[in-house]
Amino acid sequence: MIRKVINERLESILREEGFEYQFNVEIPDENFGDYSTNIALIGSKHFKKPPREVAKLFVDKLSKEPIFSEVTIAGPGFINFRISKDFYLSILSEMIKKEKAYWKIQKNNKKIQLEYGSANPTGPFTVGHGRQIVIGDVLGNVLEFLGYDVTKEMYINDAGRQIRLLGRSLWVRYNELFGKEYELPEDGYRGDYLIDFAKKLKDEIGDKYVEKWDDEVEKFFMKYSVENILKTMDDTLSMLDCGFDSKVKESFVIEKGYVDIVLNKFKEKNMIYEKDGAVWLKVSKVIDENDKVLIRSDGTYTYFLTDIAYHYYKFTRGYDRVYDIFGSDHHGHIPRMIAAMKLLDIDESFVHFILHQFVTLKRNDEIVKMSTRAGNFITLDELIKEVGKDATRYFFAMNDVNTHLIFDLELAKSKSNDNPVYYVQYAYARINSIFEKAKEKDIDFKILENIELLENEHEMSIIKMMDEFIYSLYQVEEKLSPHYLTNYIFSLSEKFHSYYSKYKILDEENKSLSNARMNLIFALKNVFEISFELLGINAPEKM
């Protein structure tokens, strides 16, 4: 990797001079060079010299390196580098020889868990869930590509008050099919999906539970509701091509005793007490917040308690880091969870939180209004059916997780270069068409031959950008947002489309140059394929 080589050269000079400090190597405006560093500006206080004098010391040594065609000082002391053509071609040669393995990072011993898509199984996935699921899936793909041992996990809240409300709501809908009218619970669920479940249940059991309600009936309707909603969720996940390595139910965490374990640990530290018939955790001893209820006065567990137990269960499984991904409305949950982890003697580096902003759907410049409680909302599977899996995944991934996403339905469906997913897939289809046309023109593709004929700046720029691919993935890892990958592949597509328009790639009168350019395109094809695989979108050979 070019950036890595530059860093190594700079660090070597620092060691020779007896210094060690942090600096950056960046890509400047192309008018200044291929790469730039602030090492002299940062080093001024260490060398006790003006930045430009420090820069001159580095330039004098680096100018002799064959990797560089030019090393210059700019402004107050920035050092700019232009990479030699020979070094660019040596990089391209490695890309072609190793193919996709050129960018693959070796496995490390770090175990990471990503929890996302977690929700009460009280209804179909919404578009908000969809953004979270895609963010988690792509982050997991990238981290695994970067060498981590990744577990993608979904937590299912199947043991709380919301599930009882769901069961009762289904029972009401079931009775309606037999002409029996009951009021839906005040906080019950009104979506049409429950009517569909009720019809299915009527076909299966007839009038067995009409006007009958007791603890056993409640358990039956709770279980039936959850099972059917989980089935619809699995169907949606399959449509979105998002799979989980594991799914953990809240009921499992309770049954396996993890709630009792954390309660006992809190008791040992004298961090819980009873008030008004409820059991409270002394959160105020750790953070500037009021104490929180763990067990309600009716004996039921709060979500906070079972989530603490679930995270303790994560800790026992030997992960180095775990990431919770959820909507920004959960921001208040973070400090109390951090406090709970401290009380369990779990290091604060263990749990990390990724908050994503919400999604607004837009159709023909108008916002699509939705109300989840009233049951009037577009489900995730409806979105996928309308715009397709690829557009759904790409659009959910292409904005910074910290920004609100306006999902333009008409743009997502359009077959034009204005649609970003169409634009990047069209670049890949064009690459494939080059190799098909080469066969028609009787131009043989010979691996690694003639690449010395590549010489224009556009070609060197494409090589540089392909080499930078891994750094876009490091940005995804550092910032925990997949939009760095979509930004990268979109920019690479722009560069390729421009190159395709400006230069004749296949020339029957100059087959040697054609082969050289096909080698460049061959490497480019691999970058697209890796990117599409990480994003979970198709790599179409034709469009």
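Hydrogens, waters and symmetry mates are skipped; everything else that's a heavy atom, side chains included, is used.
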Quick check: does any side chain N or O of [X] sit under 3.5 Å from a backbone N or O of [Y], one acting as donor and the other as acceptor?
X      : Y      : answer
Ser461 : Glu457 : no
Asp400 : Thr403 : no
Asn7   : Arg3   : yes
Asp34  : Ile83  : yes
His331 : Ser328 : yes
Asp149 : Lys111 : no
Ser491 : Asn487 : yes
Ser498 : Lys495 : no
Tyr21  : Ile39  : yes
Ser93  : Leu89  : no

>> Does atom NZ (Lys107) have a neighbourhood of more than 12 heavy atoms from anything else shown, all under 6.0 Å?
In response: yes
Can you tell me if CD on Glu449 sees more than 12 non-hydrogen neighbours from other groups inside 6.0 Å?
yes
Exercise. How about Asp86 and Ser84: does a side-chain donor come under 3.5 Å of a side-chain acceptor?
Worked result: no
With the threshold set at 4.0 Å, does a side-chain nitrogen-carboxylate oxygen contact exist between [X] and [Y]?
X      : Y      : result
Glu452 : Lys85  : no
Lys437 : Glu440 : no
Asp307 : Arg336 : no
Glu153 : Lys314 : no
Asp137 : Lys152 : yes

The ring pair (Phe, Tyr, Trp, His ring centres under 6.0 Å) partners of Phe47 (sequence neighbours excluded) come to Phe19
Ring pair (Phe, Tyr, Trp, His ring centres under 6.0 Å) filter on Tyr102, not counting sequence neighbours, yields none
Go through the steps for Asn515 and Ile443 under the test side chain to side chain contact (heavy atoms under 4.5 Å, CB included), then give the verdict. CA-CA 8 Å; Asn515 191 70; Ile443 300 175; 5.6 Å; no
For [X], which of [options] qualifies under ring pair (Phe, Tyr, Trp, His ring centres under 6.0 Å)?
X      : options                       : result
His497 : Tyr426, Phe490, Tyr428        : Tyr426
His458 : Phe496, Tyr88, Tyr500, Tyr499 : Tyr499
Tyr116 : Phe326, Tyr323, Phe244        : Phe244

Practice prompt. Please lay out, stage by stage, how Glu477 and Tyr148 fare under the test side-chain hydrogen bond (donor to acceptor under 3.5 Å, both in side chains).
Written response: CA-CA 11 Å; Glu477 177 190 13; Tyr148 294 96; 2.4 Å; yes
Checklist entry - Side-chain contact, heavy-atom cut-off 4.5 Å: Met233 with Met154? => result yes
In short, Asp320 meets Phe350 closest at the heavy-atom pair O-CD1, 3.8 Å
Residue pairs meeting salt bridge (charged side-chain N to carboxylate O under 4.0 Å, His left out), one or both in residues 54-65, sequence neighbours left out, come to Arg9-Glu65, Glu16-Lys61, Glu17-Lys61, Lys56-Asp60
Next item on the list: Step by step, work out the ring pair (Phe, Tyr, Trp, His ring centres under 6.0 Å) result for Tyr488 and Phe469.
Entry: CA-CA 7 Å; Tyr488 171 85; Phe469 172 55; 5.3 Å; yes
Result for side-chain hydrogen bond (donor to acceptor under 3.5 Å, both in side chains) between Asp324 and one of Gln113, His333, His311 points to His311
Partner of Ser481 under side-chain contact (heavy atoms from CB on, under 4.5 Å), picked from Val138, Val401, Ile354, is Val401
**Prompt:** Relative to Phe396, does Arg393 satisfy both conditions: NZ or CZ under 6.0 angstrom from the six-membered ring centre, and within 45 degrees of the ring's axis?
**Reply:** no
Determine, step by step, whether Asn80 and Ser36 satisfy the side-chain hydrogen bond (donor to acceptor under 3.5 Å, both in side chains) criterion, reporting the C-alpha distance in whole Å, the side-chain angles of both residues, the deciding distance to 0.1 Å, and the verdict.
CA-CA 4 Å; Asn80 293 327; Ser36 179; 2.9 Å; yes
